[in-house]
Amino acid sequence: MLEIKNLHVKLEEEDKQILKGVNLTVEAGKVHAIMGPNGSGKSTLSYVLSGRDGYEVTEGSATLEGEDLLEAEPEERAAAGLFLAFQYPVEIPGVGNMTFLRTALNAQRKARGEEEISATDFLKLVREKAKTLKIDAEMLKRPVNVGFSGGEKKRNEILQMAVLEPKMCILDETDSGLDVDAMKLVSDGVNALRDEGRGFLVITHYQRLLDHIKPDVVHIMANGRIIKTGGPELALEVEKNGYADILAEDA
Amino acid sequence: MQSPKVALRARKDEATEARLATLTLPETGGWLDGLRADALSRVRAMALPGPRDEYWKWTRPETLISPDVTPAALFKDDEPPMFDEVDRLKIVFTSGKFDAEASDDLSLEGLTIERLAEAGATDLHWARDLYGTLETNGQTPVERPLAALNTAFATDGVLIRVTGKVSKPVSLIYRRESEASEAILHHVVKVEQGGEMTLLENGPAAARFNKVLEVEVADEAAFHHVRTQARDHERRAATHIFARLGRESVFKSFTVTMNGVLTRNDCVIELTGDDAVAHVAGAALGDGDFHHDDTVFVTHDAVNCESRQVFKKVLRNGAVGVFQGKILVKEGAQKTDGYQISQSLLLDDDSQFLAKPELEIYADDVACSHGSTSGAIDETALFYLRSRGVPTDQATNLLTLAFLAEALQEIDSEELSGLILARLEGWLERRRG
Ligand SMILES: Nc1ncnc2c1ncn2[C@@H]1O[C@H](COP(=O)(O)OP(=O)(O)OP(=O)(O)O)[C@@H](O)[C@H]1O
Ligand SMILES: [Mg+2]
């Protein structure tokens with residue numbers, strides 16, 4: 001599904017290398033988790049994959065179902081099935097949540113040569129997904145993320161994911177800021193989307209999320225590289241001992 | 001040796017006389033003639049605006065006062081006429097002349113409508129106390145000679161007297177037929193105590209349009225105004241609104257301007273009765289050869305009044321936006337709530353926004369705030385939208401509409417704001433990609 005090879009990325013504005021040869025393959029139907037110390041490059045990886053400005057790829061490649069990602073515009077990547085649940089979702093005053101979601105869904109459909117969804121079908125779809133995430137109608141009416149609490153913003157990200165039904169979902173610390181119940185809701189939302197045709201890359205600092213969303217593979221990222229890969233037990237080890245041992249092994 | 005100041009004035013006088021030489025004072029033989037003559041002497045006393053006038057430092061007045069009209073290509077409108085869906089009373093002016101054939105019957109419950117060109121012939125008329133009076137009041141502390149010129153030479157207009165709550169809007173529709181046409185129209189509206197009306201305006205009127213609207217809103221009366229200025233790219237317009245508000249009255253005016261090589265909209269409002277409310281707002285969208293100037297002057301001269309000025313401009317390809325807005329709170333106008341915001345969204349580096357927000361306050365118990373900003377599209381928001389699959393141009397338009405939303409909210413009628421929104425969307429949509 002997602003194949004990242006030897007990815008090197010530096011900041012466009014300054015001579016600072018952030019990703020230093022990332023290798024990672026997420027197969028369809030699998031959930032991969034990435035853990036790693038603050039500043040190790042996890043969010044940078046997610047931004048580069050989704051096409052944010054400000055980064056320069058100096059070496060390596062990233063493909064989605066065999067198609068090159070890095071040359072495509074962010075909207076083309078989205079239409080191809082890539083989705084990033086942001087670590088810090090953006091507030092957009094003046095743009096209604098529903099307008100935003102419908103515009104996004106229809107733009108993606110159009111890009112894929114599919115028919116636009118009717119207003120009634122769309123409303124039904126969003127209401128149904130919102131209900132399972134306990135997002136109330138009043139929140140849907142508000143401008144995108146404006147006045148949402150931290151947890152509400154994260155739930156809104158998952159709502160977007162549920163409505164857009166991407167093939168490859170990247171979740172950047174979606175668990176941070178969530179209370180215990182919200183964490184369960186969000187995890188249920190993610191698990192409901194787990195499917196043979198869909199891949200997940202879950203960035204998190206805590207084992208707790210992985211209790212709910214059981215990963216197939218766990219990676220440890222440090223200093224711009226994946227330094228260790230293992231099964232779910234690797235996350236437990238980090239939870240217990242921190243990164244010191246793993247970092248020492250790598251050195 | 002002439003001093004520079006005297007020489008400057010001499011040049012202005014010369015330009016004024018050159019302009020006046022192209023005009024003849026209409027004579028109707030009634031109450032109007034004297035008021036026109038007065039206005040003409042006021043024009044001569046002030047002289048028409050010159051490029052060195054402080055009040056015209058960002059907008060060049062030359063083409064608005066030149067003897068000849070700069071021709072403006074006729075515009076082929078590709079949209080259905082504005083406000084077509086609205087149940088309204090239509091009054092059409094074609095090339096600056098009342099068009100009886102295209103207009104509805106001028107009768108509607110709760111108001112009387114007369115044509116200026118006809119009503120001027122009588123000896124006595126209610127409009128006699130208003131025509132040119134609000135305009136004259138509006139000449140201090142800042143002179144507005146183009147408005148006095150209008151009072152002197154207006155060829156037609158409507159005189160509307162509102163005595164009740166009017167069930168549907170009165171809609172002034174301007175049409176133009178020739179490339180070098182000029183129109184000078186002057187409307188007077190008097191909303192009597194407890195009365196209520198909505199006035200709509202749309203269309204280009206002429207290659208060069210000079211329009212004055214004087215509105216007296218009596219105690220407990222309400223006046224709503226929504227206008228769109230035509231999409232004709234090459235047309236020029238100088239318009240003035242003069243409004244005087246009584247106790248517990250409401251005045252709300254919204255203008256949307258898309259295209260037009262030159263537009264200067266002055267709005268002068270005086271709150272003279274306690275607890276009155278005045279909102280004036282506008283959205284201007286310009287692409288390329290576009291210069292739009294909103295000049296607003298709100299005077300608080302009573303207790304516990306509220307005023308709002310909300311002006312938004314979207315500028316691209318070298319378009320220029322100007323805002324000169326003032327809130328004057330006179331001595332004794334306590335509990336004044338004054339708000340003013342002017343903002344521009346610059347879609348590229350070539351476009352420009354010039355703003356002069358002013359507050360002048362002589363009362364101590366007031367809450368006044370003003371702000372002015374100029375900025376580009378928010379890149380973070382843009383990326384967020386794109387990452388969800390919305391193409392850049394469409395995302396930009398969404399964010400542009402979001403930027404305009406605060407101004408649009410100033411329109412009370414949902415039907416009208418919906419129609420305006422659709423036009424804004426159309427304008428943006430035509431510029432995608
Ligand atoms: N635009 C930028 N300008 C300067 N430094 C940057 C920029 N983007 C990323 N960095 C730096 O790159 C490094 C990696 O940042 P990144 O946000 O990817 O880390 P992270 O692994 O997601 O951390 P966290 O766990 O705290 O979220 C950090 O040192 C960060 O300061
Ligand atoms: Mg991060």
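Below, read A as the first sequence line, B as the second, and so on, with proteins coming before strands; counting in each chain starts at 1.
Annotation: the span from B:Leu385 atom CG to A:Thr103 atom OG1 amounts to 8.5 Å, rounded to 0.5 Å. Taking OG1 of B:Thr380 as the reference point, atom CZ of A:Arg52 lies at 7.0 Å (rounded to 0.5 Å).
Of the listed residues A:Ala79, A:Ala107, A:Pro89, the one with more heavy-atom pairs under 4.5 angstrom with chain B than any other is A:Ala107.
Ring geometry for B:Tyr384 versus A:Phe86: interplanar angle of 30 to 60°, hence tilted.
Residues A:Ser50 and B:Phe383 share a closest heavy-atom pair of OG-CZ, 3.6 Å. In plain terms, the two heavy atoms of B:Leu398 and A:Val95 that are nearest each other are O-CG2, 3.8 Å. The two atoms that bring A:Ala78 and B:Arg386 nearest to each other are CB-O, 4.2 Å, heavy atoms only. The heavy-atom pair separating A:Glu75 from B:Val390 by the smallest distance is CB-O, 3.8 Å.
Classification of A:Glu157 and B:Arg388 as a salt-bridged pair holds, one side-chain N sitting under 4.0 Å from a carboxylate O.
Between the side chain of A:Arg77 and the backbone N or O of B:Gly389 there is no donor-acceptor pair closer than 3.5 Å.
A:Glu138 CD: more than 12 foreign heavy atoms inside a 6.0 Å radius. Open room surrounds CD on A:Glu67; 12 or fewer heavy atoms of other groups in view lie less than 6.0 Å from it. For A:Arg102, the CZ atom is loosely surrounded, since the number of other residues' heavy atoms within 6.0 Å does not exceed 12. Counting heavy atoms of neighbouring residues, nucleotides and ligands inside a 6.0 Å radius, atom NZ of B:Lys168 exceeds 12 of them. Summarising the local packing, CD of A:Glu12 is surrounded by more than 12 heavy atoms from other residues, nucleotides or ligands at distances under 6.0 Å. Under a cut-off of 6.0 angstrom, the local environment of CG in A:Asp121 is crowded, with over 12 non-hydrogen atoms contributed by other residues, nucleotides or ligands. Other residues, nucleotides and ligands contribute more than 12 heavy atoms inside 6.0 Å of the NZ atom of A:Lys10. More than 12 heavy atoms of other residues, nucleotides or ligands shown are found within 6.0 angstrom of CD on A:Glu114.
B:Gln394 touches chain A through its side chain: at least one heavy atom from C-beta onward sits under 4.5 Å away, while N, CA, C and O do not.
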